[in-house]
Amino acid sequence: MNEIYKDKTKSANERAKDLLSRMTVPEKAAQMLQLPYSKMPRENAISWAEKGLGSFLHVLGDDARELQQTALKTRLGIPVIFGIDAIHGHGLNDTATIFPSQLAAACSWNRELIEQMGRVTAREVATDGLHWTFSPVLCLGRDARWGRVNETFGEDPYLAGELGVSIIKGYQGDSLSSEESILACAKHYLGYGEAVGARDSCDTEMTFRKAREVFLPPFKKAAEAGCATFMTAYGSIDSSPFTASEKALRHILKDEFGFEGFVVTDWDNVTSLVTNQHVAADMKEATYLAVKAGNDMIMTSEGFYNAAIKLIEEKKLDEKLLDDAVLRILRIKFQMGLFEQSEKKGKPGCFGCEEHLEINKELARESVVLLKNNGILPIKSKRIAVIGPNADDIRAQYGDWTYFTHPEPDNGSEPKRPYCTVLEGMRELAGEYGAEIFYSKGCSVLGKDDAELADADFKEAVKLAGECDAVVLVVGDVIEQTGETKDRADLSLSGAQNALFKQIKGLGKPVVTVLVSSKPLCIPEIAEDTDALLIAFNGGMFGGLAAAEAIYGKINPSGRLPISFPRHSGQIPVYYNSLPGWHGGKYMDLPGEALFTFGEGLAYTEYEYSGIEFDEKNFVLSVNVKNTGNMDGAETVQVYYRDLVSSVLTPVLQLIAFEKVKIGAGETKTVTFQLKKDDFALVTPDERRVVEPGAFEVMAGHCAKAESLLKVEFVI
Ligand code: BGC
C-alpha cells in the first residue's frame, strides 16, 4: 500500500489520517498516553516507548534521546513528544534563562517583551531536545490565597488573553516545524483559579454563563491564535469535573472555537475521577468519561491504557472517539516535522546567552511597579542599609517552577548562570551613585513573628538601620509558601517581617520597601507608613537588578499592577471588575477599596490625560497623554467600559484595550484605539454573547480607579 504518511509532499492531515488507518487499538491507546519519566524506573519507560507511547513529560537530554530512538524503532516509528513545565523560562534546567514569573511579567503590560520571553524559552527548550511547554496559564488570579496566582497573568480576562496570545506566538513562532518552535499549552481549561476558597483543585461554583463572560475569553483567544494544545483543569464546574465535561471540551473548545490541536489532561485527572472526585467507579468508567468528553492525551493515568483497550473490545466505547484523539496528536507531530527530524536542533549554545539575558533584563525592568513614593526615590542617600529576608535570596526571587522547586525538595542546586538579587543590584550600582551599601538580613520569612523574641540578627539589622541615612527593606514570601498545594489562609507578611518594618520605621529613617513575593500580600501598615513601595514579585534572574535600577533612578518605573492588592485576607475577592450591588459596598471594619488596584503604578514623572474623543459609529477612541515631568517614560494607557443598563448584572468596569506608549519628558502623544462593537457585549442567561442597545460609558486613563479615568457616554 502507498505509504502516504511517509510522503512529505502531503499535508499533515492527510499523513495523519493514513498513519491512523494503519494503527491497532493498543497502538492508539498508547499514542494517547503521556507518562512521567521522572517518576518511573528507566526500564518501564523504555518498555512504554516500545509500545508506542505518545509522550513523556519531565525528561531531559540523553534520557529523552534514548526513549526517542526506541520509539523510532517500533513498527510504525511514531516519534514521541517530550513535554516540560517551562513556565517562566526553561526553569527546570539550571543553565537556562529564568524569566520573571508570569505574574511579574504581566506587570510589564508589554506584549512584545512577553512574546520575546516565549521565543527565548522555546529556543532553549528546543535546544534541549524537547517539543512542548505546559504554558501559558490562562486561569485568572482573582483570589490571591490560591497557591498558583504567581503563574497567572493576573485578574483580568482581557489582559490575560492579550499576554497569553503574545507568549503563545513566542513559543510557536511562525511555524511549528521551525527548529526553534515548541508547542504551547493553554491551561488549565477551565476556571482553575476560581476554586471555592482558593482551595487548589476544588469545585468552582461558576456556571457556563459566568465562564463565557469571564474565564473563557482568554482561552478563546488562545485557540484562535493557533495554540496547539490545551490542558484541562483539576477542578469541576458546578460539580461536574472539567475532565469529564463534554460541553467544555468537545462542544465549546473543539466545535465552537474550532480548536484543531489536542487536549491533554492535567496530572492523573482520569484516575482522579475515581479516587478524588468519585464520579466514576473504576478506571474503565473514568476512561469512558474522559474520552467521550474530548480529552486526547491522558497525563500519567497509566490505567487508561488497559481500560481503553478493554472498552473497545467490549464495544462500550466508539473507536471513532479514539481515532479523533489520535488524529489530533499525529497531526501536530506531522506539523512539527518530527517524522523528518524527531529532535529539533534549537540553537546550540543559547542557554543563558548574552542575547537571552538582555531580553530578560529588559522584561525585569518593565516588571517593577512603583506604588508609593513620597519623594525619597530616586534615592539620594549615601549610606544605605539593605535589610530583609528577601534582599539576597535568589530562591525567593525565582519563585515557583525552577530547579529549586522541581523536583521537590530542593536538592541544593546552585544557579549556573548570572543572577542579581536586590542587595547585589544595590551594590553593583552604588559606585555610579556615590553610595555605600550595608547589609543585614534581620529575620527570616518563616521565622517567629514576635519582635520581643527576635534574635541577634533582628537587633543587628535595627542597629544598622540606625547608623545609615536610609533603608531599603526587602520583604515577601518564599518558595515554601507558593505553588501547588500551598494555598494560604493568611496573606499577611509572615515571621517577624512586620515587626522589623515597624522597628526600623520607628527610628525615623526613610524606608523604601521592596516586595519580592509570588503574589499580592496584605501589607496595609507598610503601605501607610513606608516612604516608598516597589513591587518586584518573582523577577527572575534580574529582578533584583531591576529593583535597584528603579531605586537609584537609572530607569523610570513603568510597571502596572495586573492584580489588585487586598488590605486583609478577609477582604478577598478585591478584583476591580466586580459586579454592582453590595449594600454599603464595604466590610464595616475595612475601607471599601483594595489597598492597590488593578492597573496602578507610578513613575518618576506624571502623565496627564485630556481630550478624550469617541467616534461611536466607528468605535474609535482617542486621548491625549502628556508626560508632565522631566524624565522620559512609558505610560500604559488603559481603556475600560461600563454598560449603564443591562439585562444581567455587568461589571462596574471592564478593560477592553491598552497600549504601552513611550512618552518623552514634556511630550504629548495622542493615543488611538480601534475598538469593536463586540467589546461591549454581555452574556445572556442562555449563554449568548449579545450587545444590548442602550447607553454605555467608555473610559481611558491610568488605572482602574474611577478618579483616574476620563469618560464619554454614548448609545448603541
Ligand atoms: C500542574 C500542571 C503541570 C503538570 C505537569 C500539574 O500538577 O497542575 O500545571 O503542567 O502538573 O507537571
Side-chain angles (χ1 to χ4, degrees), residues 33-40 54-60 64 81-93 101-103 121 125 128 130-141 146-153 160 164 167-168 171 182-195 198-202 204 218-219 222 227-236 241-243 261-273 275-277 290 295-302 304 399-408 479 482-487 518:
L33 191 58
Q34 178 187 59
L35 292 174
Y37 184 78
S38 53
K39 299 244 191 279
M40 62 201 299
S55 172
F56 283 98
L57 73 160
H58 297 174
V59 51
L60 298 171
I81 46 174
F82 298 112
I84 192 98
D85 288 282
I87 303 298
H88 49 121
H90 184 25
L92 274 48
N93 178 318
S101 66
Q102 242 187 247
L103 187 69
T121 304
V125 169
D128 227 357
L130 311 178
H131 310 111
W132 181 15
T133 178
F134 304 127
S135 170
V137 166
L138 298 181
C139 314
L140 303 181
W146 184 36
R148 303 189 72 173
V149 163
N150 66 97
E151 294 181 55
T152 71
F153 283 124
I167 205 163
I168 289 164
Y171 290 142
I182 58 171
L183 305 173
C185 182
K187 73 183 189 185
H188 310 79
Y189 184 81
L190 155 79
Y192 186 11
E194 201 63 8
R199 295 170 188 177
D200 194 85
S201 308
C202 266
T204 59
F219 286 103
C227 185
T229 74
F230 270 57
M231 185 187 293
T232 58
Y234 282 127
S236 42
F242 289 112
T243 313
F262 68 85
V263 173
V264 62
T265 70
D266 202 347
W267 192 282
D268 220 7
N269 273 5
V270 178
T271 315
S272 188
L273 296 174
T275 55
N276 281 337
Q277 294 171 314
N295 295 280
D296 305 309
M297 186 174 276
I298 312 299
M299 187 192 284
T300 75
S301 301
E302 208 173 310
F304 160 84
D400 201 13
W401 288 114
T402 74
Y403 49 91
F404 291 138
T405 58
H406 291 78
E408 223 178 355
I479 52 184
T482 185
E484 275 177 78
T485 71
K486 290 167 193 156
D487 313 319
S518 62

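Atoms within each ligand, like the ligands themselves, are counted from 1 in listed order. Since the structure is predicted, the reported quantities are computational estimates derived from the model, not experimental observations. Throughout, residue positions are numbered sequentially from 1 according to the sequence presented.
Here L57 has side-chain heavy atoms under 4.0 Å from ligand 1, and that is the only part of it that gets that close. The residue E151 has no part lying near ligand 1, judged by heavy-atom distances below 4.0 Å.
Ring pair H406/W401 is parallel by interplanar angle, where below 30° counts as parallel and above 60° as perpendicular. Aromatic ring pairs are classed by plane angle as parallel below 30°, tilted from 30° to 60° and perpendicular above 60°; the pair Y234 and Y192 is perpendicular.
For the residue pair M299 and L57, the shortest heavy atom distance occurs at SD-CD1, 4.2 Å. The nearest pair of heavy atoms linking D85 to K187 is OD1-NZ, 3.5 Å. Scanning both residues, Y403 and L92, for their nearest heavy atoms gives CB-O, 3.9 Å. Scanning both residues, A184 and Y171, for their nearest heavy atoms gives CB-CD1, 3.7 Å.
Remark: ligand 1 atoms within the under-4.0 Å shell around heavy atoms of H58 are 12 (O). Of all atoms in ligand 1, numbered sequentially from 1 with element shown, those under 4.0 Å from a heavy atom of F134 are 10 (O). Shown in contact with E484 at under 4.0 Å from a heavy atom are these atoms of ligand 1, numbered in order with element: 1 (C), 6 (C), 7 (O), 8 (O). For ligand 1, the atoms closer than 4.0 angstrom to any heavy atom of K187 are 2 (C), 3 (C), 9 (O), 10 (O).
Checked against a 6.0 Å centroid threshold, the rings of H131 and F82 count as neighbours.
Rounded to the nearest 0.5 Å, atoms CG (L190) and OG (S236) are 11.0 Å apart.
Of the protein's non-hydrogen atoms, the one nearest atom 12 (O) of ligand 1 is D85 OD2, 2.5 Å. With hydrogens left out, the protein atom closest to atom 6 (C) of ligand 1 is D266 OD1, 2.9 Å, a heavy atom. At the top of the distance list for atom 7 (O) of ligand 1, counting protein heavy atoms only, stands Y234 OH, 2.5 Å.
Polar contact check, W267 against ligand 1: no nitrogen or oxygen pair lies under 3.5 Å apart. Close N/O approach between W401 and ligand 1 is not found [any backbone or side-chain N/O within under 3.5 Å].
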